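All of these numbers come straight from a predicted model, not from anything done at the bench.
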Amino acid sequence: MTIRLYDTATREVRDFVPLEAGKASLYVCGLTVQSEPHVGHVRSAVNFDVLQRWLRFRGHDVTFIRNITDIDDKILAKSAEQGRPWYNLAYAMKIELDKAYAALNVAPPTYEPAATGHIPEMIVLIEELIARGHAYPAADASGDVYFDVRSWPSYGELTHQGIDDMEPAADADPRGKRDPRDFALWKGRKESEPTTASWPSPWGAGRPGWHIECSAMAGKYLGPAFDIHGGGVDLRFPHHENEQAQSRAAGGAFASYWMHNAWITTAGEKMSKSLGNTLSIPAVLQRVRGVELRFYMVAAHYRSHVEFSDQALDEAAEGYRRIESFLERAGVGRETSLVEEVAQQPSRDQIPDAFAAALDDDLGTPAAVAVLYDAVREGNRRLAAGDDVTDVAASVAAMLEVLGVHPHDPAWAASASSNDTEERLTAAVDVLVAGLLDERTQARADKDWARADAIRDRIKSAGIEVTDTPDGPTWTVS
RNA sequence: GGUGGGUUGGCCGAGAGGCGAGGCAACGGACUGCAAAUCCGUGUACACGGGUUCAAAUCCCGUACCCACCUCCA
């Protein structure tokens with residue numbers, strides 16, 4: 001069974017054939033760490049995390065590089081506004097990003113290079129491009145170096161655009177460009193910029209352009225040719241087009257497949273434009289747990305645009321809880337070794353064929369989730385009949401693990417918002433409620449239904465739902 | 001102007017020529033002292049107008065509306 005992926009470059013779903021059998025190399029553009037991450041940002045991370053998990057499941061040895069851009073115009077502008085050093089802002093936001101990834105159970109990549117750590121590699125690449133006649137230092141004294149798009153005939157191939165069809169750049173400051181579409185590989189330092197934001201180069205002090213960063217880092221860690229390059233749809237142009245042009249102009253084959261995830265928007269607007277931070281990860285995690293947010297994302301296809309809404313999020317969380325409660329009812333606890341094993345390495349025979357087929361088909365997580373629900377229903381049916389559900393529970397657990405939404409994944413505990421105080425409160429409430437439930441059990445034994453219901457109502461008025469099970473009553477916060 | 005994507009039942013969200021993905025909600029039934037949970041059942045939805053076909057949500061033509069990208073937004 002082969003994995004099939006939609007390739008933006010060829011605009012079709014095609015078989016994934018890695019450059020080297022049994023391996024998969026993946027480069028994903030991470031974030032520019034300039035503000036708190038919001039749900040839109042993490043969608044990309046969640047998507048490629050699922051891809052990575054599936055590639056591994058399918059037997060590929062995955063090398064996954066996801067960079068962070070820690071120097072750019074916005075970081076400089078924002079840090080100046082906030083009156084703190086740019087590197088402090090970038091570092092602080094990088095920490096926030098790490099927290100968001102952890103909260104969503106996004107596994108760390110093989111390596112996460114930062115742009116500022118790879119200036120020498122970028123300079124070497126720029127020199128190569130100049131030597132090959134595809135780049136030139138600006139004619140003015142700016143110290144900029146540009147990529148010469150006219151020198152690279154296939155420029156525009158990734159996004160299927162002709163240079164002459166492109167809207168003329170509204171760029172008021174061509175700064176010595178030969179063509180307005182030429183883009184900066186190196187940006188000479190401006191008087192207004194802090195000296196800490198510049199590095200020495202053959203063209204004078206300055207900093208790298210955005211696109212060259214990814215070309216240099218992908219080249220360093222994955223080599224001149226690698227399998228998959230990913231990112232958000234907005235990066236197709238100019239960023240990925242430029243990356244490809246640079247890297248190929250420098251002699252590399254670059255990525256074999258291009259994958260782009262669609263947006264999450266609110267009120268029909270992309271989040272980078274919407275105001276406020278109500279959709280920042282910490283804010284959303286006030287409403288639902290990280291695992292529920294991840295499930296919400298995974299339940300939609302990565303190439304589908306998602307209109308974020310609290311209602312849809314709550315519904316997804318509701319659905320997720322049904323899966324979770326099946327595992328509980330099936331007796332799958334944290335201690336169950338079977339599930340622990342599955343969590344470590346979901347084995348092939350525990351994954352239903354339909355689930356695997358769904359993921360093989362361009363990461364069809366919605367269809368995979370449907371298979372998951374089918375298994376849950378089957379499991380509940382058997383539970384009701386008093387039959388053994390070990391195999392179904394293991395199967396459900398394995399599917400959840402592949403999607404990265406297993407409720408007992410230690411990752412959730414590590415980043416859970418619940419703290420010590422909360423745990424002690426829960427324990428305290430448990431003692432109090434247990435006392436009331438004992439009274440109610442007695443009332444029920446006496447068939448004093450009025451009293452039993454009165455006790456239940458009293459508990460309910462405190463926001464606690466009581467459920468009777470064959471093993472006695474249980475409670476949850478409703 | 002160029003490029004790409006979209007419009008599916010009350011809501012979310014798959015599918016991409018025949019067989020009604022799935023979830024949430026709702027309603028009926030089973031179970032239950034009653035609930036809850038769970039299970040069973042209930043929906044003829046595919047923007048609009050034409051066309052192709054034995055058969056169209058799916059292909060073709062046209063129309064409307066929406067969104068994204070076109071030099072540093074995941």
Hey, does [X] reach any base, or is it just sugar-phosphate, or nothing, if we go heavy atoms under 4.0 Å?
| X | answer |
| --- | --- |
| His260(A) | nothing |
| Tyr155(A) | base |
| Glu318(A) | sugar-phosphate |
| Gly162(A) | nothing |
| Arg451(A) | nothing |
| Thr159(A) | sugar-phosphate |
| Asp314(A) | nothing |
| Ser325(A) | nothing |
| Gly231(A) | sugar-phosphate |
| Val371(A) | nothing |
| Tyr373(A) | sugar-phosphate |
| Asn380(A) | sugar-phosphate |

Judged by modelled atom types alone, do [X] and [Y] share a side-chain donor-acceptor pair under 3.5 Å?
| X | Y | answer |
| --- | --- | --- |
| Trp86(A) | Thr196(A) | yes |
| Thr365(A) | His301(A) | no |
| Glu193(A) | Ser198(A) | no |
| Ser215(A) | Ser247(A) | yes |

Among [options], which nucleotide sits nearest the side chain of [X]?
| X | options | value |
| --- | --- | --- |
| Ala300(A) | C11(B), G13(B), U3(B) | G13(B) |
| Arg381(A) | A21(B), C40(B), C34(B) | C40(B) |
| Trp263(A) | C34(B), A21(B), A74(B) | A74(B) |
| Val306(A) | G13(B), C73(B), G33(B) | G13(B) |
| His160(A) | U71(B), U3(B), A74(B) | U3(B) |
| Arg377(A) | A74(B), C40(B), A14(B) | C40(B) |
| His305(A) | U71(B), C67(B), A21(B) | C67(B) |
| Arg322(A) | C34(B), U38(B), C11(B) | U38(B) |

### Query
Would Tyr296(A) and Tyr320(A) satisfy ring pair (Phe, Tyr, Trp, His ring centres under 6.0 Å), going step by step from the backbone distance to the final call?
CA-CA 9 Å; Tyr296(A) 171 61; Tyr320(A) 179 74; over 10 Å; no
### Query
Taking atom CZ of Arg458(A) as the centre, does the number of heavy atoms from other residues, nucleotides or ligands within less than 6.0 Å exceed 12?
no
May I ask you to verify whether the side chain of [X] and the base of [N] hold a donor-acceptor pair under 3.5 Å?
| X | N | answer |
| --- | --- | --- |
| Asp453(A) | G33(B) | yes |
| Arg444(A) | G33(B) | yes |
| Asp234(A) | C70(B) | no |
| Arg456(A) | A35(B) | yes |

Measure from [atom1] on [X] to [atom2] on [N] and round the result to the nearest Å.
| X | N | atom1 | atom2 | answer |
| --- | --- | --- | --- | --- |
| Glu324(A) | G23(B) | CD | P | 17 Å |
| Arg4(A) | A16(B) | CZ | C1' | 14 Å |
| Asp164(A) | G1(B) | CG | P | 17 Å |
| Tyr302(A) | G13(B) | OH | C1' | 17 Å |
| Phe308(A) | C11(B) | CZ | C1' | 15 Å |
| Leu383(A) | C39(B) | CG | P | 10 Å |
| Phe295(A) | G13(B) | CZ | P | 13 Å |
| His229(A) | A74(B) | NE2 | P | 13 Å |

Using the [atom1] atom on both, measure [N] against [M] and round to a whole Å.
| N | M | atom1 | result |
| --- | --- | --- | --- |
| G28(B) | A35(B) | P | 12 Å |
| A45(B) | G23(B) | C1' | 16 Å |
| C27(B) | A16(B) | P | 34 Å |
| G17(B) | U53(B) | C1' | 9 Å |
| U58(B) | C46(B) | P | 11 Å |
| U42(B) | A21(B) | P | 14 Å |
| U7(B) | G13(B) | C1' | 14 Å |
| U8(B) | A57(B) | C1' | 7 Å |

#### Entry: His118(A) and Tyr221(A) aromatic centres sub-6.0 Å
yes
For [N], which nucleotide in any strand shown is its Watson-Crick or wobble partner with both distances under 3.5 Å?
| N | value |
| --- | --- |
| G17(B) | none |
| G62(B) | C48(B) |
| A26(B) | U42(B) |
| A68(B) | U3(B) |

### Query
With a 4.5 Å limit on heavy-atom distance, are the side chains of Leu383(A) and Val392(A) in contact?
no
#### Entry: Whichever of Glu378(A) and Arg207(A) has its nearest RNA chain B nucleotide further upstream toward 5'
Glu378(A)
### Toward the 5' end of RNA chain B, by each residue's nearest nucleotide, Arg43(A) or Glu315(A)
Glu315(A)
### Task
May I ask you to decide if the ring planes of Phe295(A) and Tyr373(A) are parallel, tilted or perpendicular, using 30° and 60° as cut-offs?
perpendicular
### Message
Below 30° counts as parallel, above 60° as perpendicular, anything between as tilted: where do the rings of Trp258(A) and His240(A) land?
### Response
tilted
### Query
Does G33(B) have Trp449(A) stacked on its base, where the ring centres are within less than 5.5 Å and the planes differ by under 30°?
yes
